Amino acid sequence: MVSVIIPAYNEQENIENTAGVIGKILDDYGEEYELIFVDDGSKDETWNIIDHLSRQNSSVRGLKFSRNFGKEGAIFAGLKHCDGDCAVVIDCDLQHPPELIPQMLKMHDQGVEVVEAVKSSRGKEGLIYKIFAKSFYRIMRKSSNVDLDRASDFKLMDRKVIDALNDMPERITFFRALSSWVGFRCEKIEFDVAPRQAGSSKWNFKKLVKFALNNITSFTNFPMQIITGLGLLFLIFAIVIGIQSLIKYFGGSSQEGFTTVYILILLSGSVIMIGLGVVGYYLSKIYEEIKFRPRYIVSIDTKDRKRKETDLKNGKNG
Ligand code: UDP
Ligand code: MG
């Protein structure tokens with residue numbers, strides 16, 4: 001059986017269609033499946049639709065978060081709760097073409113443990129978004145050797161991989177990178193990003209910056225090293241200027257040195273501030289991790305509810 005994990009945040013227009021499309025593809029392929037919709041604390045009708053669907057269709061299952069925890073949390077909740085021999089993670093807006101799932105399943109049958117779908121193009125994105133995404137991925141690639149430029153969250157994973165991911169104790173996660181970090185036999189297939197089916201993108205600038213910072217700091221210590229490098233550079237700079245001003249002092253013309261002093265104080269001050277900021281950022285992440293809070297809280301699982309209802313019925317009858 002394959003578990004299809006679909007994170008959904010304010011996707012009321014998409015749920016039914018997405019369930020229909022993916023269901024049909026898997027029916028045609030002749031594979032047993034469960035569709036796990038993870039409602040990431042939506043504020044619209046998303047949960048009611050999922051709930052309704054799960055009562056009609058036994059292969060649909062819903063998990064409802066107590067609030068919005070972000071897509072990462074939704075993916076990991078799906079991985080934790082799924083029962084399949086393999087799982088496919090796919091967006092609710094059908095920007096990841098579900099027609100690729102049969103091909104992924106075939107590769108899985110041939111022994112591939114992770115099938116990563118990579119974007120052959122990045123689809124329609126704004127210029128600023130593109131610049132940000134590009135530089136983010138460049139930093140990630142340079143500093144942690146994980147090439148993510150065209151990576152997406154659209155992946156198939158074998159049970160072994162799911163278990164490995166579920167065993168990871170960290171809470172600030174970056175699914176896209178972790179799924180290649182765990183290793184295993186991995187192959188890529190390409191896809192074109194389709195336009196969104198309905199509704200609007202759930203990202204905003206603040207969310208994206210937070211996402212990028214989170215992922216850079218949870219995957220690399222590169223920013224800390226930049227600071228050390230900068231510090232060394234300024235030390236050399238300071239020594240040169242220091243010697244120069246000493247020479248000037250003994251030459252009897254020390255008056256003009258003031259500008260350099262200002263510059264030095266300002267520059268070193270700013271480097272120290274940056275350094276403190278970076279250290280503080282890592283520290284705050286350590287603090288986050290050490291609290292051992294869960295990365296999501298599930299308030300309703302349609303499977304549990306179903307079980308309770310059947311128990312109740314059996315209890316009454318018997
Ligand atoms: N999503 C989520 N929680 C969030 C934001 C997004 O579960 O806080 C889901 C969303 O419902 C969709 C997927 O993540 O299924 C991708 O989101 P979106 O299409 O908005 O991102 P984009 O395709 O623009 O990168
Ligand atoms: Mg999308």
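Given the structure is predicted, the values throughout are model-derived calculations rather than measurements. Just so it is clear, the values below take in all heavy atoms, side chains as well, and ignore hydrogens, waters and symmetry mates. Read the numbers this way: they start at 1 and go in the same order the structure lists the ligands and their atoms.
Salt bridge present: Glu187 and Arg185 bring a charged side-chain N and a carboxylate O closer than 4.0 Å.
Put simply, the side chain of His96 gets close to the backbone of Asp91: a donor and an acceptor are under 3.5 Å apart. The backbone N or O of Ala74 lies less than 3.5 Å from no partner atom in the side chain of Asp40, so there is not a single donor-acceptor pair.
Within the cation-pi definition used here (under 6.0 Å to the ring centroid, within 45° of the axis), Arg295 qualifies as a partner of Phe76.
In terms of N/O distances under 3.5 Å, ligand 1 is approached by Pro7. Checked against a 3.5 angstrom limit, the closest N/O atoms of Gly70 and ligand 1 fall outside it.
With 2.8 Å as the limit, Asp91 does not count as an N, O or S neighbour of the Mg ion (ligand 2).
Of the heavy atoms in Asn68, only side-chain atoms (C-beta onward) come closer than 4.0 Å to ligand 1.
By the 6.0 Å contact criterion, CD on Glu190 is enclosed, its count of non-hydrogen atoms from other residues, nucleotides or ligands being greater than 12.
Ranked by closest heavy atom to atom 14 (O) of ligand 1, the top entry among Lys71, His96, Glu11 is Lys71. Of the candidates Asp153, Thr46, Asp40, it is Asp40 that places a heavy atom closest to atom 7 (O) of ligand 1.
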Report the C-alpha distance between Arg61 and Asp83 in whole Å, list the side-chain angles of each, state the deciding distance to 0.1 Å, and finish with yes or no for salt bridge (Lys or Arg N to Asp or Glu O under 4.0 Å). CA-CA 11 Å; Arg61 177 172 171 196; Asp83 300 319; 3.6 Å; yes
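Rounding to the nearest 10°, we obtain 100° for the angle at the Mg ion (ligand 2) between Gln95 OE1 and Asp93 OD2.
Remark: ligand 1 atoms within the under-4.0 Å shell around heavy atoms of Asp91 are 13 (C), 15 (O), 16 (C), 23 (O). Within ligand 1, the atoms closer than 4.0 Å to a non-hydrogen atom of Cys92 are 15 (O), numbered from 1 in the order shown. The ligand atoms of ligand 1 that sit less than 4.0 angstrom from a heavy atom of Gln95 are 19 (O), 22 (P), 23 (O).
At a cut-off of 3.5 Å, with distance as the only test, no side-chain donor of His81 or Asp301 sits close to an acceptor on the other residue.
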